Amino acid sequence: MKPLPLEFAARDTVEVAKDLLGRLLVHRRDRRLTVGRIVETEAYLGPHDLACHSSKGRTRRTEVMFGEPGHAYVYLIYGMYHCVNVVTGGGAAVLIRAVEPVEGFGAGGRGDGPGRLTKAMGLDRTHDGLPLDRAPLFLAEGAAVRRIGSSARIGVDYAGPVWSRRRLRFFDATSEHVSR
DNA sequence: GGGACGATGTAT
DNA sequence: TACATCGTCCCT
């Protein structure tokens, strides 16, 4: 399984969000692989996007979003769940909201939901800032997506009418593993 | 040093 | 539809 180069993420954030659909997210810990096929993403466009963490300023937490594209931005939400993002640079990133289990998910391990997929794949803040083109955490080629659906992003009403309504959520319309 | 607030998930 | 649970950020 060959990692995608960092340049994969050095493009327009919406393009990266769509292109990530169908790709594989791979976590190698010890000798074991956990692999998920990405089926749902959300684009967070940068400091001007009021739903994006970087819109609250450049802080220690959001610093990685201003760094090199292709790195992971992982944060804790609601004190219980971790969320993984692919940094595209300039304060922007793509949240991975759902994956379809491919390999290494234990019995009952699910990938449909940002908190679920990180739990099932064993991802947490120790992965924050890691480059996504090498072990332990990387992106790889996958099966192309036939039909891409889109909608408003989930849970961002606080960002106001304009930014909460923009259709920046993308998903594999044929997948059974998209979150609800 | 304190308090408000989530890019969620699960159970009721 | 309630609520668990805690890091981050901002205020004092």
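In what follows, every chain begins at residue 1, and chains take the letters A, B, ... in the order their sequences are listed. The model shown is predicted, which means the values in this text are computed figures rather than measured ones.
Rounded to whole Å, the distance from CH2 on A:W163 to C1' on B:dA7 is 15 Å. Rounded to whole Å, atom P of B:dT8 lies 14 Å from atom CG of A:D112. The distance between atom CZ of A:R180 and atom P of B:dT8, rounded to the nearest whole Å, is 14 Å. Taking atom CG on A:L45 and atom P on B:dA7, their separation rounds to 15 Å, with Å as the unit. Separating the OH atom of A:Y78 from the C1' atom of B:dA7 is a distance of 7 Å, rounded to the nearest angstrom. Counting to the nearest Å, the P atom of B:dA7 and the CZ atom of A:R167 are 21 Å from each other. At whole-Å resolution of the value, CG in A:L50 and P in B:dG6 are 13 Å apart. One interatomic measurement links the two molecules: CD1 of A:I77 to C1' of B:dA7, which rounds to 6 Å at whole-angstrom precision.
Using N1 to N3 plus N6-O4 or O6-N4 for Watson-Crick, or N1-O2 and O6-N3 for G-U wobble, each under 3.5 Å, C:dT5 pairs with nothing. Across every strand in view, B:dA7 sits unpaired, with no contact that passes the Watson-Crick or G-U test at under 3.5 angstrom.
Using a 4.0 Å cutoff on non-hydrogen atoms, the parts of residues 53-75 of chain A near DNA chain C are A:K56, A:T59, A:R61, ordered by number. Annotation: proximity of residues 79-93 of chain A to DNA chain C (heavy atom, distance under 4.0 Å) is found for A:G79, A:M80, numbered in ascending order.
Salt bridge absent: A:R180 and A:D112 never bring a charged side-chain N and a carboxylate O closer than 4.0 Å. Looking at A:D157 and A:R165, no side-chain N of the basic residue comes within less than 4.0 Å of a carboxylate O on the acidic one, giving no salt bridge. A salt bridge links A:R37 with A:D172; the closest basic N to acidic carboxylate O contact falls under 4.0 Å. Ion pairing of A:R23 with A:E141 is present here, as a side-chain N (NZ or NE/NH1/NH2) and a carboxylate O approach within less than 4.0 Å.
Within a 6.0 Å radius of CZ in A:R58, more than 12 heavy atoms belonging to other residues, nucleotides or ligands are found.
Summarising the geometry, atom NE2 belonging to A:H48 is positioned 10.0 Å from atom OG belonging to A:S55; distances are rounded to the nearest 0.5 Å.
Comparing B:dG6, B:dG9, C:dG7 by their nearest atom to the side chain of A:R125 picks out C:dG7.
Using a 4.5 Å cut-off on side-chain heavy atoms (C-beta onward), A:P136 and A:H27 make contact.
Checked against the 6.0 Å centroid criterion, the rings of A:H82 and A:H127 do not qualify as a close aromatic pair.
For the pairing with A:D133, the side-chain contact (heavy atoms from CB on, under 4.5 Å) check across A:L4, A:L139, A:L6 returns one residue only, A:L6.
Within the 4.0 angstrom heavy-atom criterion, only backbone atoms of the sugar-phosphate kind lie near A:L76; the bases stay farther away.
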